[in-house]
Each structure stands twice: as structure tokens, then as C-alpha cells.
Student: 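After the C-alpha cells below, expect a handful of questions from me.
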Amino acid sequence: MTSASPSSIDQQQPITIASAPGKVLVTGGYLVLDQQYTGLVIGTSARFYTIIRNLNTEQGTIKVRSPQFDQATWNYTASLSQQNVLGFEPESTASSNKFVETCLRFTLTVILQSMDAARFKSLLKQGMDISIVGDNDFYSQREELEKLGLSIKKASSRERLASFCDTHATLGTVNKTGLGSSAALTTSLVAALFLYFGVLSNLDQEKDLTLIHNVAQFVHCFAQGKVGSGFDVSAAVYGSHSYHRFDPNILAPIMDEKVDPVVLTKALSHDNNSWDNKVLPVGLPPQFQMILADIDAGSHTPTLVSKVLKWRKEQPNEANALWNELGAYNEKVEQHFRDLASISAKDESLYKETMTRLAQLPASQWINAPTENNKVQQSMVELVSDFAKVRELLQKMSAATGVPIEPTEQTELLNQCMAVPGTIMAGVPGAGGYDAIYCIVLSEEAKEKVRHVWERWTGCSVSPLLCQADSNGVTKVDPNSDIGLVCVDRSF
Ligand SMILES: Nc1ncnc2c1ncn2[C@@H]1O[C@H](COP(=O)(O)OP(=O)(O)OP(=O)(O)O)[C@@H](O)[C@H]1O
Ligand SMILES: C[C@@](O)(CCOP(=O)(O)O)CC(=O)O
């Protein structure tokens, strides 16, 4: 990396940066695909950043680069005809990027419908230089750590990596950690384009977020060739929340390469009331800290999902009973999070005192600690027992479907994490499998001890990530802020 210095930035050259977070689906995997159930998604401090500059070419060239990867430059040409029809063509390069291409094509289409055509044409003609970077935690980084002679098992190793470091891979070969790189990338690119063309000037109004959500959701579904639950895009836009999915039929009529621009823009508009997704604010209660680890084995999420859904179709009665029971326990976990946040706001000292006490004991012993009608402690005991039930039902789902959602190897590891004093929850995020695990703990000491369990674990390769829970969604980034300067520097 070249060194970042504020003076190296051309102050005359406006730079637009937008950023969106990764996600961890704590509860609601599989169920959230149905509108009937919710998913509790926690945003991460690991984020994607899209940096856009004017290319000053007058040829409508759009150059996109992901500097962390090999063969990651994609060029496009965009133009506007006399009839104001957008022309958009990829140039043939060594690789293509479906997410970037889809994002540019459709976001530019919507932007054109939303602003003065002459102004759009003039900006488009000047061309754009776009760089995309993702926090190191989105990728396993095993190659870079090994190259530097650092242990993949220690969190301190990742602290020594340069920001947005080289992955020594192409986007096709890189090992991802399950934080939702494509959703965070799509959301940051959509937001950066709206900002660059001046259709949005800030991202702090509800209607602006709704527009970014709708466009990013469509682009993401189109690029991946199917309509998923969309919780990852929703987290990239809104940060931590309880997610209730949109009706997939909203997108059905517009999932067409040749969709009419007016129809597309109307369907994705912030005031299209058919969008029935719900975002209910809920995040980690005070003092809860989330830590994550990458599991080297990896699982192919679409395969897990298709097998689970096939079983559900074949065994509707058994599946619905399981879905309903699990859905109810997921909701209880969500409710405990809300209750704890509200008790903490009302009686901070009781909350803090109880958490300090519980942090000294394994969760299995919290029930035996003196309560004297302590609401915080009661809620914590119930949270632990309800979450144990969630895991039990996921294990039941694994056994019934033959899909390793909480694989037996992970069960033992998670149980060891739960035995550490101060651990509240330990689980497999999202679709489960052999991708990642998360733990929610009450203290720095618990965090260290859990990481020690991971380091000694020999069953599979567990590599701790550095990111934390962070409730912020998509943001505009000041190019002169600390992170803005790092992004700008990496984009040259
Ligand atoms: N830094 C990046 N620059 C450009 N495109 C990227 C970048 N990171 C991811 N992508 C895009 O996202 C695609 C990966 O999407 P895919 O749906 O396979 O993963 P994902 O489910 O988002 O993965 P994970 O949750 O593990 O991060 C890549 O092929 C590429 O198109
Ligand atoms: C299985 C599923 O419900 C969650 C997948 O989550 P993740 O990508 O493993 O974090 C699929 C979906 O919601 O799109």
C-alpha cells in the first residue's frame, strides 16, 4: 500500500464514498425465507466501501477495480442516445463481475429516470473511476497470514494485516467468511452511484434508505439469479434489526434484462407500497459483545438451502411443526434482547451490577445465583435456556433433513464455548454448516477465554475474525475522515 496522506488527495476532484456493513444472522436461518417468520440479523463493523471519481475522459468509460484481487478490473461503456435511452456495454476483460455489472446497468437506469437527462448525460460522458474494497474479515486471509508467518489461529495475527490487504486470489477462488460480501458490495455501490449523480445528497432520510434498499435488493436478486430472503441486503442498508422479508412477487415482473426503465423505476420507488418488508429495531443489549470465527471447511449455502426446502416440501406436517416451534423460540430470543435493552435504560446500575456478577459464572450456573426478583438475571437465564432450545431444534432439523446445519463437530465446539464463564450464546450463523461460528459474551475476559478454546481446538481449523457487532447501516463517508483517507489511498 502507498502511504495515505491528506495532501495526496486532489481537493478539486470530488470523491464520493459510500459504505455498507456485513451481517450475522443470529436466529431465523431458513425460516426467514418465509414471510411468516423473522430473522434477527446483527450488522458488523466489517464494511464494504465504494469510491467513485470522475474519469474526465468524455468517452463514457466506467472503470471498476477491486484492488484486493487478481484479475479484478472491469470496464464498461455507457452512453445516452438522442432519445434518452441508456446504452451500457461491458468491455471484454479477463473476468466479468455479475454483481458489479448488474448493479451499474440497473442503478444507472433508475438514476436516469430520477434526474435531468442533460445533467445525467454530461456526468455519464465524463466517465467514472470506481474502486471497491471490503474489510479483511470478509475473506479468510489464510494466504496473507501464512505469507507473513502469522498463525491463522490467533486474533492478534489479523491485527497485523494492512487495511484491505491483498487476498492473493481472484474473486472466483477466494475463501469468504460468510459476512455477506455480495450484499455489502451491492449496497455500497448502489448508494455511491445515487450520491455521485446527486439524486441523493445524504443517506439519513427514511425514504432515501427505502430507495437504496429496493434497488439493492433487486440488483442482488437479479445478479444471483434468484430471489432469496434478502436479509443480507436489508442488514447492509439498515444495520442490526429483526427482518421480515418482502413478498417475492414484487420482483417477479421486473426480473427481466429488458425491463422497461419506467416500470423498473416505479417498482423500486420509495413510495411503492407493495414493498411489505419490515425492519424492526433490535440489536445486541448493552455489554453484549459478539465475536466470530471462520471455519476453514466451508459449506455451499445454496445446496444446504435446496436440500432443506426439498425436505420441507416432502414432509410438510413435520416441517411446519418444527418451523413453528423454532419460530416461537427465535422470537423469544429477540424479545429478551429487547427486554434487556429496556431494563438497562430504566435501571442502569442494576443492569451493570448483574452483568458483572454473571460474567464470572458459566451460563449453566446463572439459574443458581441468588435472584431476589432480579429482572436482569431472570431475563438472562431465560435467554440462555431459550437459545439452548433454538440450538436443539436446529440439531433436530439437521437430523431430519440430513443437512449439517449445526454439524455434530460444531456442537462440541459450541458447547465448550458455552462452558466459558460469561458466554451468553454460541451458535452457527445463517444457514449453518462448516462456514463460521459466533459467540456472544459479557466481558473482555470471556472473549479471550473463548478465543483460547478456538485456538486449542483440533477438530477443524478455527480462525478468529476481528469484527464486532455494529448497528450502523449504509452511510456516506467523508473522504477526509480517517477511514475515507485509507479508502482513497487504496483506490489509486
Ligand atoms: N471486493 C469485491 N469486489 C467486487 N466484487 C465482489 C467483491 N467481493 C465480492 N464480490 C462479488 O460478490 C460475489 C460473491 O457473491 P456470493 O453470493 O457468491 O457470496 P456471498 O454469499 O455474498 O458470500 P459471503 O457471505 O461469504 O461473503 C463475487 O463473485 C463478486 O461478484
Ligand atoms: C438459509 C438462509 O435463510 C440464511 C443464509 O444465511 P447465511 O448466508 O448463511 O448468513 C437463506 C436466506 O435467508 O436467504
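Hydrogens, waters and symmetry mates play no part in the numbers below; they use all other heavy atoms, side chains included. First listed ligand is number 1; within each ligand, the first listed atom is number 1.
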Student: Would you call Arg105 and Glu101 a salt bridge, using N to O less than 4.0 angstrom?
Tutor: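 Yes, charged N to carboxylate O under 4.0 Å.
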Student: For atom 29 (O) of ligand 1, decide whether some protein heavy-atom distance is shorter than 4.0 Å.
Tutor: no
Student: At the 4.0 Å heavy-atom cut-off, does Tyr139 count as touching ligand 1?
Tutor: yes
Student: Could you tell me if the side chain of Leu108 sits less than 4.5 Å from the side chain of Tyr76, heavy atoms only?
Tutor: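 Of all side-chain heavy-atom pairs linking Leu108 with Tyr76, none is under 4.5 Å.
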Student: Considering only the protein, which heavy-atom contact is closest to atom 26 (O) of ligand 1, and what is its distance?
Tutor: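 For atom 26 (O) of ligand 1, the nearest protein heavy atom is Gly178 N, 2.9 Å.
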Student: Under 4.0 Å between a side-chain nitrogen and a carboxylate oxygen: does that hold for Lys310 and Glu314?
Tutor: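 Judged by the 4.0 Å cut-off on N to carboxylate O distance, Lys310 and Glu314 do form a salt bridge.
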Student: Report the C-alpha distance between Cys417 and Trp454 in whole Å, list the side-chain angles of each, state the deciding distance to 0.1 Å, and finish with yes or no for side-chain contact (heavy atoms from CB on, under 4.5 Å).
Tutor: CA-CA 8 Å; Cys417 298; Trp454 293 350; 3.4 Å; yes
Student: Please test Leu413 against Ile437 for side-chain contact (heavy atoms from CB on, under 4.5 Å), starting from the C-alpha separation and ending with a verdict.
Tutor: CA-CA 9 Å; Leu413 171 59; Ile437 54 169; 3.7 Å; yes
Student: Please state which part of Ser66 comes within less than 4.0 Å of ligand 1, counting heavy atoms only: side chain, backbone, both or neither.
Tutor: side chain
Student: Relative to atom 14 (O) of ligand 2, which among Gly433, Ser229, Ala436 owns the nearest non-hydrogen atom?
Tutor: Ser229
Student: Check whether any side-chain heavy atom of Val64 lies under 4.5 Å from a side-chain heavy atom of Asn75, and answer yes or no.
Tutor: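 No, side chains not in contact.
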Student: One residue to check: Asp435. Relative to ligand 2, which of side chain, backbone, both or neither has a non-hydrogen atom less than 4.0 Å away?
Tutor: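 For Asp435, no heavy atom sits under 4.0 Å from ligand 2.
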Student: For the 3.5 Å polar cut-off, considering only N or O atoms, please tell me whether Ser181 and ligand 1 meet it.
Tutor: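 Yes, there is a polar N/O contact under 3.5 Å.
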Student: Number the atoms of ligand 2 from 1 as they appear, then name those within less than 4.0 Å of a heavy atom of Val305, with their elements.
Tutor: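 So the atoms of ligand 2 that pass are 1 (C).
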Student: Going by the atom numbers of ligand 2, which of them fall below 4.0 Å from some non-hydrogen atom of Gly29?
Tutor: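 By the 4.0 Å cutoff, the relevant atoms are 3 (O).
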Student: Are Arg142 and Asp294 close enough for a salt bridge, meaning some N to O gap below 4.0 Å?
Tutor: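 Looking at Asp294 together with Arg142, the answer is yes, because their closest N to O distance falls below 4.0 Å.
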Student: So do Lys63 and Thr73 actually touch side chain to side chain, heavy atoms under 4.5 Å?
Tutor: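 No, side chains not in contact.
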Student: Using a strict cut-off of 4.0 Å, indicate which atoms of ligand 2 neighbour a heavy atom of Gly430.
Tutor: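 Result: 6 (O), 7 (P), 9 (O), 10 (O).
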Student: Give yes or no for whether the N/O distance cutoff of 3.5 Å, strictly under, is met between Lys176 and ligand 1.
Tutor: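 It does: an N or O of Lys176 is found under 3.5 Å from an N or O of ligand 1.
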Student: Please determine if Arg53 forms a cation-pi arrangement with Phe492, meaning its NZ or CZ atom is less than 6.0 Å from the six-membered ring centre and no more than 45° off the ring axis.
Tutor: yes
Student: Which residue and non-hydrogen atom of the protein lie closest to atom 5 (C) of ligand 2, and at what distance in Å?
Tutor: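 Looking only at protein heavy atoms, the one closest to atom 5 (C) of ligand 2 is Ala431 N, 3.6 Å.
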Student: Would you say that Val174 contacts Phe138 through its side chain, given a criterion of any heavy-atom pair below 4.5 Å between the two side chains?
Tutor: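 Of all side-chain heavy-atom pairs linking Phe138 with Val174, none is under 4.5 Å.
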Student: Between Asp435 and ligand 1, which residue portion shows a heavy-atom distance shorter than 4.0 Å: side chain, backbone, both, or neither?
Tutor: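 Neither part.
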Student: State the atoms of ligand 2, each with its element, that fall below the 4.0 Å cut-off from a heavy-atom position in Val32.
Tutor: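 Result: 3 (O), 13 (O).
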Student: Test Arg47 against every option in Asp135, Thr475, Asn472 by the side-chain hydrogen bond (donor to acceptor under 3.5 Å, both in side chains) rule and name the one that passes.
Tutor: Thr475
Student: Hey, are the side chains of Tyr139 and Thr177 touching, using non-hydrogen atoms and a 4.5 Å cut-off?
Tutor: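 No, their side chains stay 4.5 Å or more apart.
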Student: State if Gly134 counts as touching ligand 1 under the rule of any non-hydrogen atom under 4.0 Å.
Tutor: no
Student: Which protein heavy atom lies closest to atom 4 (C) of ligand 2, and at what distance to 0.1 Å?
Tutor: Phe231 CE2, 3.7 Å
Student: How long is the span from the CZ atom in Phe194 to the CD1 atom in Ile111, to the nearest 0.5 Å?
Tutor: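 With rounding to 0.5 Å, CZ (Phe194) is 5.0 Å from CD1 (Ile111).
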Student: Is it the case that ligand 1 has an N or O less than 3.5 angstrom from some N or O of Phe69?
Tutor: no
Student: Closest by any non-hydrogen atom to atom 31 (O) of ligand 1: pick that one out of Thr170, Asn97, Thr186.
Tutor: Asn97
Student: I'd like to know if Arg312 pairs up with Asp34 as an ion pair, taking the criterion as any Lys NZ or Arg NE/NH1/NH2 lying under 4.0 Å from an Asp or Glu carboxylate oxygen.
Tutor: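 Yes.
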Student: Could you identify the single nearest non-hydrogen protein atom to atom 21 (O) of ligand 1 and state the distance to 0.1 Å?
Tutor: Ser182 OG, 4.2 Å
Student: With the threshold set at under 4.0 angstrom, would you say Lys23 reaches ligand 2 through any of its heavy atoms?
Tutor: yes
Student: Using distance alone, determine whether Gly432 and ligand 2 share an N or O pair under 3.5 Å.
Tutor: no
Student: Which residue and non-hydrogen atom of the protein lie closest to atom 3 (O) of ligand 2, and at what distance in Å?
Tutor: Tyr30 N, 2.8 Å
Student: Note the single closest protein heavy atom to atom 11 (C) of ligand 1, along with its residue, its atom name and the distance in Å.
Tutor: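 Atom 11 (C) of ligand 1 sits closest to the protein heavy atom Leu185 CD2, 3.6 Å.
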Student: Which residue and atom name correspond to the protein heavy atom nearest atom 25 (O) of ligand 1, and how close is it?
Tutor: Gly180 N, 2.8 Å
